[in-house]
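Following: one structure in structure tokens, then a few remarks.
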Amino acid sequence: MVEELKAIEKNRTWKLVDLPKHKSPINVRWIFKIKCRADGTIAKYKARLIAKGFLQKHGIDFTKVYAPVARMETIRLLLSIAS
């Protein structure tokens, strides 16, 4: 968990801000996983901090949604056309 929090701070994934009045914070949850090698021995323990964004309501907690998604095939096609 400490390593994950350090990685979040290092990568500037998010920053802590004061909560506006009459707003509730988004709940978070830790996910733990054990990474194993091919022979079954433990390689490392992983921890991820996830936000429960599904609890947000459109128009109240957020107004815009944008998630850029591109397939590698599309990027290759555009690069080949451009060249």
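By convention here, the first residue in the shown sequence is residue 1. Being a predicted model, the structure only gives us computed values, none of them experimental.
Residues L49 and F32 fall within the same hydrophobic cluster, defined by Ile, Leu, Val, Met, Phe, Trp and Tyr side chains chained together at heavy-atom separations under 4.5 Å. Both V28 and L5 are part of a single hydrophobic cluster, where members link through side-chain heavy atoms under 4.5 Å apart.
In terms of the side chain to side chain contact (heavy atoms under 4.5 Å, CB included) criterion, residue partners of L79 (sequence neighbours excluded) are, by chain and number, I75. Evaluation of the side chain to side chain contact (heavy atoms under 4.5 Å, CB included) rule for E4 yields I8, W30 as partners, not counting sequence neighbours.
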Validation: residues 33-40 side-chain donor-acceptor distances under 3.5 Å, sequence neighbours left out:
from	atom 1	to	atom 2	distance (Å)
R37	NH1	T41	OG1	3.3
R37	NH1	I42	O	3.1
D39	OD1	T41	N	3.1
D39	OD1	T41	OG1	2.8

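Within the hydrophobic cluster formed by Ile, Leu, Val, Met, Phe, Trp and Tyr side chains joined at under 4.5 Å, directly or through other members, V17 stands alone, with no partner residue.
Counting only residues at least two apart or on different chains, the side-chain hydrogen bond (donor to acceptor under 3.5 Å, both in side chains) pairs with a member in residues 68-83 are R71-E73.
With values rounded to the nearest 0.5 angstrom, M1 atom CE is found 13.5 Å from K6 atom NZ. In this structure, CG on D18 lies 11.5 Å from NZ on K21, to the nearest 0.5 angstrom.
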